[in-house]
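First up is the structure itself, then whatever we jot down about it.
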Amino acid sequence: MADGNTPHVAIIPSPGIGHLIPLVELAKRLLDIHGFTVTFIIPGDSPPSKAQRSVLNSLPSSIASVFLPPADLSDVPSTARIETRISLTVTRSNPALRELFGSLSAEKRLPAVLVVDLFGTDAFDVAAEFHVSPYIFYASNANVLTFLLHLPKLDETVSCEFRELTEPVIIPGCVPITGKDFVDPCQDRKDESYKWLLHNVKRFKEAEGILVNSFVDLEPNTIKIVQEPAPDKPPVYLIGPLVNSGSHDADVNDEYKCLNWLDNQPFGSVLYVSFGSGGTLTFEQFIELALGLAESGKRFLWVIRSPSGIASSSYFNPQSRNDPFSFLPQGFLDRTKEKGLVVGSWAPQAQILTHTSIGGFLTHCGWNSSLESIVNGVPLIAWPLYAEQKMNALLLVDVGAALRARLGEDGVVGREEVARVVKGLIEGEEGNAVRKKMKELKEGAVRVLRDDGFSTKSLNEVSLKWKAHQRKIDQEQES
Ligand code: UDP
């Protein structure tokens, strides 16, 4: 943790590895470029996961981690949605956070700034008590952020469930969006998860600034609008793309197996298939995807997880509890052994996406996965599952970075559709168009992170503010 003179930032990631990964990349930039020390303060409702530990243990010593005692969620029904669990975990960790800030203050090591993510705004109460400047890191894109900033107004003006709206909602700067594609917690306004989302979003205005993990080439119009000053909206800084730079949880054998196998495949020939750290398919969908991949005749590297009725069922524990291989169609591995490699639960995605044999990525459109693909110029097939992924998919298709796998009337993407879209991406004209767009975006991503790039300048601006606030905090601590 910081000594008194080094600028010091505290970061609270919401539970879930997908929240931690981009914040780790932010911490590295703050340390390497701006000379901050960083303390990760980790709330949870159980002891830290192997994946969390592995990410945090890989960090340099100027980035410290403090694990708060597990929050008690024993009164929360097991059916509560992840957004409710995440928000409650952060909120109920406030007493432990207060105690930690108290000790840091006594040691004159109080951070100048507290950065939280979408579900962490209740920690602002503690930040205010200690005059620590509150910021939000929004780990998804400006399009979804614009939607969220608009949500309190939608909440006031729409009386029905959003999913019942018959016309797409037009929000300035956003891709038009039907209610069914709104972020998951908006699908049932009576559910606690919607109340928590609205609660957090309404507190966004208390932040001194919102940092967004996106970049100007990807959504230029949205960015222009979201950065326009408005009452009740803190300044918005585009600082992305910040992407996973290493493997954190892959089994070394699996890591070796994947990369070795890719080494032996032709250039740009392999479709990487993965649904993030927690995405799961229904059994029926799992089978259709398997059969569609086989039918496409294309090469694939598929990270499988045991099917489940809940799309985000592995979010807190990425390792499948059951043997996912036992769910594959009979004889599948044998039939596809010349063309495909299947690995269980987790793969070294950062390395996979940089491999020259990769020609496409069938993704659940988690924002980290989407950005990791973009910085490597890998074209996408959008297969959104939960959280804000449907909105991400709309943006990615709209910008020309992804093809969409179409759902059948039964809500399942059939095997023929899987084969069609896979062939289309790897060898079709439509795939070429997406590849071309991805190349442009990849170049844009490099440009914005140069010394004089848009995202670098935005982070410079923020870091100057933070350093000024540190001086103020230091003076207060001295007096
Ligand atoms: N990830 C990985 N290996 C896997 C699955 C996921 O390394 O097998 C990493 C991936 O590179 C990304 C993160 O986990 O950085 C997943 O974040 P994303 O926002 O894409 O989705 P989430 O898991 O939060 O739904």
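Indexing begins at 1, ligand by ligand and atom by atom, following the structure's order.
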Quiz prompt | Option of least heavy-atom distance to atom 17 (O) of ligand 1 (set: L371, N368, I17, V303) | solution = N368
Self-check item: Close-contact set for ligand 1 against G18 heavy atoms, below 4.0 Å
Solution: 17 (O), 24 (O)
Quiz item: What pair of heavy atoms forms the shortest contact from F215 to A445, and how long is it?
Solution: CE1-N, 3.5 Å
Quiz item: Are N200 and T121 close enough that a side-chain donor and a side-chain acceptor fall under 3.5 Å?
Solution: yes
Quiz item: Taking both backbone and side-chain atoms of S370, is any N or O found less than 3.5 Å from an N or O belonging to ligand 1?
Solution: no
Self-check item: Per-atom contacts, ligand 1 versus E372 - under 4.0 Å to a heavy atom
Solution: 10 (C), 11 (O), 12 (C), 15 (O)
Exercise. Under 4.0 Å from a heavy atom of I21: give me the atoms of ligand 1 that qualify, with their elements.
Key: 13 (C), 14 (O), 15 (O)
Quiz prompt | 4.0 Å heavy-atom contact, F275 with ligand 1 | solution = no
Exercise. State whether K439 and E443 are salt-bridged, where the test is any N-O pair (Lys NZ or Arg NE/NH1/NH2 against Asp/Glu carboxylate O) under 4.0 Å.
Key: yes
Quiz prompt | Lys/Arg N to Asp/Glu carboxylate O, R203 vs D122, below 4.0 Å | solution = yes
Quiz item: Does the side chain of L197 come within less than 4.5 Å of E83's, by heavy atoms?
Solution: no
Quiz item: For H19, is the nearest heavy atom under 4.0 Å from an atom of ligand 1?
Solution: no
Quiz prompt | Which of the ligand 1 atoms, numbered from 1, are nearer than 4.0 Å to a heavy atom of S369 | solution = 18 (P), 20 (O)
Exercise. Using a strict cut-off of 4.0 Å, indicate which atoms of ligand 1 neighbour a heavy atom of Q389.
Key: 25 (O)
Quiz item: For atom 8 (O) of ligand 1, which candidate among G279, A347, S274, S277 holds the nearest heavy atom?
Solution: A347
Quiz item: What atoms of ligand 1 come closer than 4.0 angstrom to any heavy atom of W367?
Solution: 19 (O)
Exercise. Mark yes or no: R163 above the aromatic ring of F182, with NZ or CZ under 6.0 Å from the six-membered ring centre and no more than 45 degrees from the axis.
Key: no
Quiz item: For ligand 1, is there an N or O atom under 3.5 Å from any N or O atom of Y272?
Solution: no
Quiz prompt | Electrostatic pair D155:R189 at N-O distance under 4.0 angstrom | solution = yes
Self-check item: Worked check of side chain to side chain contact (heavy atoms under 4.5 Å, CB included) between V375 and L353
Solution: CA-CA 9 Å; V375 300; L353 286 170; over 6 Å; no
Quiz item: Y386 heavy atoms, cut-off 4.0 Å: which ligand 1 atoms fall inside?
Solution: 25 (O)
Quiz prompt | 4.5 Å side-chain heavy-atom contact, W196 and R81 | solution = no
